[in-house]
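Nothing here was measured: the structure is a model prediction, and the numbers come from that model. Note that ligands are numbered from 1 as they come in the structure, with each ligand's atoms numbered from 1 the same way.
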Amino acid sequence: MPRPTRAMSVAALTALLTLTTLSAAGSASAAGVNYVALGDSYASGLGAGSYTAESGSCKRSTNAYAYLWKNAHAPSSFAFTACSGARTDDVINNQLSVLNSSTTLVSISVGGNDAGFASTMQTCVLDSDSACINAVETAKAYANNTLPGKLDQVYAAIHAKAPNARVVVLGYPHLYKIGGSCIFGIGDTKRKAINSAADVLDGVIAKRAANAGFAFGDVRSIFTEHEICGSATTWLNSTTFPIEESYHPKASGHSGGYLPVFSAQV
Ligand SMILES: CCCCCCCCCCCCCCCC(=O)Oc1ccc([N+](=O)[O-])cc1
């Protein structure tokens with residue numbers, strides 16, 4: 001065997017250092033991981049820009065936490081089927097064909113659309129305080145009474161198709177900072193009502209996830225001081241154009257909020 005040349009040693013040392021550095025940073029390749037990213041627009045990355053052409057109206061963003069995790073960890077496979085506007089039934093009907101017994105990791109956020117996210121937000125932004133409070137009460141009643149069964153169905157379908165996967169369910173943030181100011185924003189009564197709806201949704205989702213044996217990533221605390229209205233660095237779009245991107249995480253909400261919460265549960 002020839003004596004190693006100086007160049008070879010340097011190359012070997014560099015490779016070793018690179019591996020060590022990557023491991024220390026937690027970003028070594030996740031060989032053997034087969035990752036599937038499911039869910040609604042908070043999962044697809046609507047609001048974060050840079051949508052993939054293949055995703056069409058599902059609006060899957062290369063800035064979404066799922067895509068960022070894929071880029072950082074190089075899993076053996078990655079399937080991104082989350083879709084803007086998806087409800088629990090849409091996930092069951094349209095997103096699960098990519099799951100199989102080799103799937104080892106699944107992420108999902110779903111339930112907000114079933115509870116009437118878009119119509120509730122529209123009422124709260126355009127109508128009176130009392131109309132907003134009524135809409136929020138209706139959404140909460142749905143979340144408490146009907147959503148649990150819908151979530152159980154989605155989670156059971158995921159487990160049936162991907163029995164070997166670790167499943168991480170992500171929740172939703174408070175949308176509004178209380179007491180801050182924003183010129184064209186809504187008042188504190190509406191803000192508190194909307195935030196309380198996120199609390200009810202998160203409580204229900206966390207419980208059903210635990211019951212299914214899945215992990216739950218709560219994003220509320222990490223989004224604190226990054227909400228709409230008065231936060232110095234908001235991670236959420238306020239009322240914006242295109243209108244459907246309103247009240248959704250920006251790229252910063254995915255990289256600074258959802259990604260670390262998801263990564264901590266993997
Ligand atoms: C349900 C009560 C509403 C009160 C707000 C609670 C705050 C946080 C909850 C966020 C839930 C977001 C759910 C998913 C969002 C989603 O897919 O939104 C859509 C995005 C785009 C469309 N669309 O049609 O283009 C439709 C819906």
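The protein heavy-atom contact nearest to atom 4 (C) of ligand 1 is Ala197 CB, 3.8 Å. The protein non-hydrogen atom at the shortest distance from atom 1 (C) of ligand 1 is Ala115 CB, 3.7 Å. The shortest contact between atom 19 (C) of ligand 1 and any protein heavy atom is with Ser41 OG, 3.6 Å. Looking from atom 20 (C) of ligand 1 to the surrounding protein, the closest heavy atom is Leu46 CD2, 3.4 Å.
Residues Tyr172 and Asp40 bring a donor and an acceptor atom of their side chains to less than 3.5 Å of each other. In this structure, a donor-acceptor pair under 3.5 Å is absent between the side chains of Asn164 and Ser101. Using modelled atom types, one finds no donor on one side chain facing an acceptor on the other under 3.5 Å when comparing His226 with Thr234. In summary, the side chains of Ser196 and Lys140 do present a donor paired with an acceptor at a separation below 3.5 Å, with no hydrogens or angles considered. Side-chain contact, Ser44 with Ser84: a donor N or O sits under 3.5 Å from an acceptor N or O.
Close approach to Ile194 involves these atoms of ligand 1, each under 4.0 Å from a residue heavy atom: 5 (C), 6 (C). Close contacts of ligand 1 with Ala139, meaning ligand atoms under 4.0 Å from a residue heavy atom, involve 1 (C), 2 (C). Residue-ligand proximity, Thr120 to ligand 1, at heavy-atom distances under 4.0 Å covers atoms 3 (C). Listed by atom number, the atoms of ligand 1 under 4.0 Å from Asp40 heavy atoms are 13 (C), 14 (C), 17 (O). Close approach of ligand 1 to Leu175 (heavy-atom distance below 4.0 Å) involves ligand atoms 7 (C). Of all atoms in ligand 1, numbered sequentially from 1 with element shown, those under 4.0 Å from a heavy atom of Glu244 are 25 (O).
Checked by distance only, ligand 1 and Gly85 come closer than 3.5 Å through their nitrogen or oxygen atoms. In terms of polar-atom proximity, defined here as any N/O pair under 3.5 Å, His248 does make such a contact with ligand 1.
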From CA spacing to verdict: side-chain contact (heavy atoms from CB on, under 4.5 Å), Phe262, Leu105: CA-CA 11 Å; Phe262 172 55; Leu105 178 64; 4.0 Å; yes
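Residue Tyr42 touches ligand 1 through its side chain alone, judged by heavy-atom distances below 4.0 Å.
Sparse packing is recorded around CD of Gln122, with 12 or fewer heavy atoms of other residues, nucleotides or ligands lying under 6.0 Å away.
In this structure, Arg191 pairs ionically with Asp188, as a charged nitrogen and a carboxylate oxygen lie closer than 4.0 Å. Classification of Lys250 and Glu245 as a salt-bridged pair fails, no side-chain N sitting under 4.0 Å from a carboxylate O.
Atom 24 (O) of ligand 1 lies below 4.0 Å from none of the non-hydrogen atoms of the protein.
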